[in-house]
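Start at 1 and go down the list; that is how both ligands and their atoms are numbered. A quick note: this is a predicted structure, and the numbers were derived from the prediction, not measured.
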Amino acid sequence: MTYEFDAVIVGGGGAGLYAALEASKSSKTAVVSKLYPMRSHTGAAQGGIGAALGNVDDDKPEWHAFDTVKGGDYLVDQEAARILAEEAVQAVYDLENRGLPFSRTPEGRIDQRRFGGHTSNFGEKAVKRSCYAADRTGHMILQTLYQQCIKNEVRFYDEFQVVDVIMDGDTCHGIIAFELATGELHVFKAKAVLFATGGFGRMFKVTSNAHANTGDGPAILARAGIPLEDMEFYQFHPTGIRGMGILITEGVRGEGGILRNSNGERFMEKYAPTLLDLAPRDMVSRAIMTEVLEGRGIRGDGRIDDHVYLDATHLGRETVELKIPDIQDFCKTYLAVDPAEQPMPVQPTAHYAMGGIPTDLNGRVVTASGVCNGLYAAGECACVSVHGANRLGTNSLVDLIVYGRRSGRHIAEFVKSTDSPKVPSGADERARSHVERIRANRGKNGAHPGELYARMQATMMTNVGVYRDAGEMQQAIRDLQRLREEFATITPQDDTTNFNAEVLGLLELENLIDLSIITAASALNRTESRGAHSRRDYPDRLDDEWLKHTMAHLGDDGSVSIDYKPVDTSIWKPQPRVY
Ligand SMILES: Cc1cc2nc3c(=O)[nH]c(=O)nc-3n(C[C@H](O)[C@H](O)[C@H](O)COP(=O)(O)OP(=O)(O)OC[C@H]3O[C@@H](n4cnc5c(N)ncnc54)[C@H](O)[C@@H]3O)c2cc1C
């Protein structure tokens, strides 16, 4: 089938739905999503959304912007961070007005709690900035936005997986999507396309990310010649459930939870004397790894010391049940541990992509030759860049809301003055032959997809994880290039047409392998340590040489070439990062 809309939004998470809501006010808008929107990963966000409302402590957007820049180890584009912090306040009130049931202070205002790296008066002391709805903030955002989109008559195409983009030079005319139910490929013509396909934590073995977080948007655009920005910066959240990676929100430490090693010591006193357990995530993850590597970790099933404890027992049962009910549930279900009575075993888990599709302040995709017409990106798959080298907790939901909204507004204006898309017949040919190539039966000796997936995750976890060095990253690139070749020999098991999830899974694996290669190559190239990118062989931050964004181009043969883009440091001069 062929469809035509003014705006097509790829992805029904927080960023996609907010953009769709704004675009649909004055244009014919569709959301094309491989999941039912309510199942998007945004729904898993527990901790909250940062905004300087000042409801509990004194606060200002300027302080929020500064924390964002400092937390991002000065790789943040500062005007983008200023807009993020300023527009966050109204965006949160808009969500409230649209019906989001925030947790409340006794006076009835939106309640706020502490999160890592958020301070008042430029680092003076911790501030309560995270607005939250118990530990179900993301779920409530999705519910609120989805209802509003239905009201605005947005058309939803659920379980349609986008596999290609229709570009003519640097102008986008639409996308091609595979329908799970029928196995058909559909052409969606559009004056404007926005990618809001979320993160790609599945490239790592231990991750907090959902199975669908496979980076389809960035991979599709990388293969279409768009460079990806700052892909070496991948955040490990310090507190995943040991072995499983399921997230224990930073909100637990925000409520007063404490990290302890095998001697029962509050080890963060050594690493971040002021912010302690609520230092930025990259620092806390490294502190946990260092405790474990130096023999103060706690013994796991494999009889190796591999984790530490997150202790919330002193908070009391009432606080645990009221403020972090879902966490209590996860721990009881997966660990048979009740956090009100026993400490939780935790280790760092791959969590968030700071890098992605490069955009300007209105969500338009930008390359070295300028803005792409009609092509937008927002949310975790995009890089505007407000997170720099390390994202602060609660700043992703803000990014979705602020930049999702800005992109949607820009699209609404852009489509008014743009002609109908010109899509040549046969625009779906490339996607069709791509899918057919993947589905081809190559006999018995083909590689097994599950085995390739596991090898990709293992090499990324071991060689491009919390700590990195040149030898390990070179090994990862060799492993990944081999996987890319072996991928071409895969023999699918399922040759049915309807509901063939295997084909879609293979497309996702292919995307993850390409993004892993770009991540490893970008990381090997950056010979310094900054934020989440921490190299044993180059332990220092080197501003003279490396205060610049990486722009990585993927070649047809899987090679990666790298350019750079300057960082906007127009407001604050880079300082050493001490907490
Ligand atoms: C467990 C967890 C807890 C978190 N907690 C917080 C928190 O408390 N505060 C905070 O600020 N951040 C938090 N984060 C981060 C934040 O939730 C995510 O970065 C954010 O929700 C991503 O939103 P998104 O709209 O970009 O993408 P998502 O919500 O992941 O949605 C992606 C959408 O894209 C669609 N899609 C993907 N590929 C395709 C394709 N090929 N074709 C069609 N559709 C496609 C999917 O169907 C989905 O609808 C958390 C993340 C995790 C994993």
Side chain to side chain contact (heavy atoms under 4.5 Å, CB included) between I490 and I438, intermediate numbers included: CA-CA 8 Å; I490 278 179; I438 282 186; over 6 Å; no
N209-ligand 1 polar pair, N/O distance under 3.5 Å: no
Part of A177 with heavy atoms under 4.0 Å of ligand 1, whether side chain, backbone, both or neither: neither
Contact check, V10 vs ligand 1, heavy-atom distance below 4.0 Å: yes
Nearest-contact summary for atom 52 (C) of ligand 1 - protein heavy atom, Å: H41 NE2, 2.6 Å
Subset of ligand 1 atoms that lie under 4.0 Å from at least one heavy atom of G379: 26 (O)
Per-residue contact class, V32 against ligand 1 - non-hydrogen pairs under 4.0 Å: backbone
N-O pairing of E508 and R202 below 4.0 Å: no
Distance from atom 42 (N) of ligand 1 to nearest protein heavy atom, with residue and atom: V162 N, 2.8 Å
Part of Y352 within contact of ligand 1 (heavy atoms, under 4.0 Å): side chain
Nearest protein heavy atom with distance in Å, relative to atom 8 (O) of ligand 1: G47 N, 2.7 Å
NZ/NE/NH1/NH2 to OD/OE distance under 4.0 Å, R391 and D399: no
Which of the ligand 1 atoms, numbered from 1, are nearer than 4.0 Å to a heavy atom of A196: 32 (C), 33 (C), 34 (O)
Protein heavy-atom partner closest to atom 11 (O) of ligand 1 - residue, atom, separation in Å: L397 N, 2.8 Å
Nitrogen or oxygen atoms of S208 and ligand 1 under 3.5 Å apart: no
Lys/Arg N to Asp/Glu carboxylate O, R409 vs E22, below 4.0 Å: yes
Output field: ring centroids Y352/H387 closer than 6.0 Å: yes
Heavy-atom donor-acceptor pair, D135 side chain to Q46 backbone, under 3.5 Å: no
Side chains of L95 and L145 in contact at under 4.5 Å (non-hydrogen atoms): yes
Pair D230, H549: side-chain N/O donor-acceptor within cut-off below 3.5 Å: yes
Nearest neighbour in protein (non-hydrogen) for atom 12 (N) of ligand 1: S396 CB, 3.5 Å
Ligand 1 contacted by N395 (non-hydrogen, < 4.0 Å): yes
Element-labelled atoms of ligand 1 that are located less than 4.0 Å from some non-hydrogen atom of G198: 26 (O), 27 (O), 30 (O), 32 (C)
Check: G12 N/O within less than 3.5 Å of ligand 1 N/O: yes
Stacked cation flag K70 on Y579, 6.0 angstrom / 45 deg: yes
N or O contact, A15 vs ligand 1, cut-off under 3.5 Å: yes
Heavy-atom gap T394 to ligand 1 smaller than 4.0 Å: yes
Salt-bridge present (D59, K128; N to O < 4.0 Å): no
Residue-ligand contact G14/ligand 1, heavy atom below 4.0 Å: yes
Ligand 1 contact on H351 by region, counting heavy-atom pairs under 4.0 Å: side chain
R155 NZ/CZ over F5 ring centroid, <6.0 Å and within 45° of normal: no
Close approach, R391 and ligand 1, non-hydrogen under 4.0 angstrom: yes
Atom pair OG (S130) and CD (E250), whose distance is rounded to the nearest 0.5 Å: 9.0 Å
R39 atom CZ, neighbour heavy-atom count above 12 within 6.0 Å: no
Residue and atom name of the nearest protein heavy atom (relative to atom 17 (O) of ligand 1), distance in Å to one decimal: A45 CB, 3.5 Å
Given T197, T214, D158, the one that forms side-chain hydrogen bond (donor to acceptor under 3.5 Å, both in side chains) with K34: T214
Heavy-atom gap Y36 to ligand 1 smaller than 4.0 Å: no
Nearest non-hydrogen protein atom, atom 47 (O) of ligand 1: S33 OG, 2.8 Å
Nearest option to atom 32 (C) of ligand 1, as decided by whichever heavy atom of T207, I220, T197 sits closest: T197
Pairing of D6 and K28 as salt bridge, 4.0 angstrom limit: no
L35 N/O to ligand 1 N/O under 3.5 Å: yes
The one among E159, K34, E508 that brings a heavy atom closest to atom 45 (C) of ligand 1: K34
Expected output: side-chain N511 to main-chain G215 donor-acceptor under 3.5 Å: no
Geometric N/O contact Q161 with ligand 1, under 3.5 angstrom: no
contact_flag G48 ligand 1 heavy-atom lt 4.0 Å: yes
salt_bridge(E96, R104) N-O dist < 4.0 Å: yes
Taking atom 28 (P) of ligand 1 as the reference point, the nearest protein heavy atom with its distance: T42 OG1, 3.8 Å
Sub-4.0 Å atoms of ligand 1 with respect to non-hydrogen atoms of F160: 42 (N), 43 (C)
